[in-house]
2 protein chains.
Amino acid sequence: MLQHSTATIEPAPLDRVLQALADPTRRRMVEVLSEGPVSVSELAKPFDMTLSAIVQHLAVLESSGVVRSEKVGRVRTCRLDPAALDTAEQWVHQRRAEWERRFDRLDQFLARTAPAAAEQDASKSPKKEPSP
Amino acid sequence: MLQHSTATIEPAPLDRVLQALADPTRRRMVEVLSEGPVSVSELAKPFDMTLSAIVQHLAVLESSGVVRSEKVGRVRTCRLDPAALDTAEQWVHQRRAEWERRFDRLDQFLARTAPAAAEQDASKSPKKEPSP
DNA sequence: GCAATACTTAAGTGAATGCTTCAACATTCA
DNA sequence: TGAATGTTGAAGCATTCACTTAAGTATTGC
């Protein structure tokens, strides 16, 4: 899926995305926006702080790419950009995957070196050591 | 000053996880740890800062649950806890999912109200809107 | 015992963050 | 037109953050 055609050199998107999502207020804003686009003042309503504060949070969300907005008349409408969320999701997912992959290697290693604990795997072909 | 003490006070695990991952140094630490458990000083080696700084980052990671550690003798060994990462992954995933679900509803709505062209008279909506 | 190792803790600093208030500005509508 | 609406911007302030330095406390090995 192709998104922003700008193909610009983004500084550190992952950094900004996670930093944007680290704040509970901004996360609630994302939750609101995940239900659909709203204007700035709409977005601000459920929050117990000034419009100014919300606008500043919005700026963080926009600079991270998580939210985009466009102004028509005097109303700015904000919407989620799921692609930016994808960046974060993938990073987290990959760390978990790597960790689990390592776990598998460890299992194999233990099955090889301590076959007493392993019920079934004595016949597996010997392999190189998993880097610890 | 009290932070918004409104109804939805999150217990805060997600908060801490995302905040932990928001920092590039801590994220690199997680990357290192995703390759397997290491001691504190091992962990600190690739970084261009004091051990103290690393230990402080480690404390953040531990308080978020992303990393756990145990001390044997004088060596503290740190390892990733993938379950904590899961919390973050799921939250992001669900926001994306909700957004895409909404997109589907919008598609359906447009297909109903503007089958050919929405040039004129899109303002009369006899059907219920997809919940905005 | 003594010194090296591995971590721990405390205190300090400059920059960033999360707010606030107050003052514009642009658009819409009576 | 002029008031209401919706947003924008700047300045200020308290708190948190990412470090630093400098001093500890346990373990381990000789």
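The sequence lines fix the lettering, A, B, ..., with proteins before strands; numbering per chain opens at 1. These figures come from a predicted structure and were not determined experimentally.
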**Item:** Touch class at under 4.0 angstrom, heavy-atom based, for A:Glu42 against every strand present
**Value:** nothing
**Prompt:** How is A:Ser52 classified with respect to the nucleic acid when contacts are heavy atoms under 4.0 Å: base, sugar-phosphate, or nothing?
**Reply:** base
**Message:** On DNA chain C, does the nearest nucleotide to B:Arg76 precede the nearest nucleotide to A:Thr50 from the 5' side, or the other way round? Give the residue.
**Reply:** B:Arg76
**Message:** Could you check whether B:Ser34 and A:Arg95, counting side-chain N and O atoms only, form a donor-acceptor pair closer than 3.5 Å?
**Reply:** no
**Prompt:** Given side chains that start at C-beta, do those of B:Val32 and B:Glu42 come closer than 4.5 Å, heavy atoms only?
**Reply:** no
**D:dC19 base / B:Gln56 side chain donor-acceptor hit below 3.5 Å** = yes
**Asked** Rounded to the nearest Å, what distance is computed from the CZ atom of residue B:Phe47 to the C1' atom of nucleotide D:dA18?
**Response** 14 Å
**Asked** Has A:Arg102 got its NZ or CZ under 6.0 Å from the middle of the six-membered ring of A:Trp99, at an angle within 45 degrees of the ring axis?
**Response** yes
**Request:** Could you say whether A:Thr77 or B:Asp23 is positioned toward the 5' end of DNA chain D, judged by the nucleotide with the nearest heavy atom to each?
**Result:** A:Thr77
**Request:** Tell me whether B:Val67 is reachable from B:Phe47 by hopping between hydrophobic residues (I, L, V, M, F, W, Y) whose side-chain heavy atoms are closer than 4.5 Å.
**Result:** yes
**Prompt:** Just how far, in rounded Å, is P of D:dC17 from CG of B:Leu21?
**Reply:** 15 Å
**Asked** Reckon B:Ser41 touches a base, only the sugar-phosphate, or nothing at all at heavy-atom distances under 4.0 Å?
**Response** sugar-phosphate
**Request:** Calculate the interatomic distance between B:Leu18 atom CG and C:dT17 atom P; express it in whole Å.
**Result:** 16 Å
**Request:** Indicate, yes or no, whether a donor-acceptor pair under 3.5 Å links the base of D:dT5 to the side chain of A:Arg74.
**Result:** yes
**Item:** Residue-phosphate contact under 4.0 Å: B:Gln19 side-chain N/O, D:dC17 OP1/OP2
**Value:** yes
**Request:** Could you check which of C:dC19, C:dC7, D:dT8 has an atom nearest any side-chain atom of A:Thr25?
**Result:** C:dC19
**Item:** Rounded distance in Å - CG (A:Leu51) to P (C:dC22)
**Value:** 16 Å
**Asked** Between A:Ile54 (CD1) and C:dC19 (P), how many Å, whole number?
**Response** 8 Å
**Prompt:** Could you give the CG-to-P distance, from B:Leu58 to C:dA6, as a whole number of Å?
**Reply:** 16 Å
**Request:** Report yes if at least one side-chain N or O of A:His57 is closer than 4.0 Å to OP1 or OP2 of C:dT17; otherwise report no.
**Result:** no
**Message:** Is it true that B:Ser64 and B:Gln19 share a donor-acceptor pair across their side chains at a distance under 3.5 Å?
**Reply:** no
**Request:** Quickly work out the B:Met29 CE to D:dC19 C1' distance and round it to whole Å.
**Result:** 13 Å
**Prompt:** What integer distance in Å separates A:Met49:CE from C:dT20:C1'?
**Reply:** 11 Å
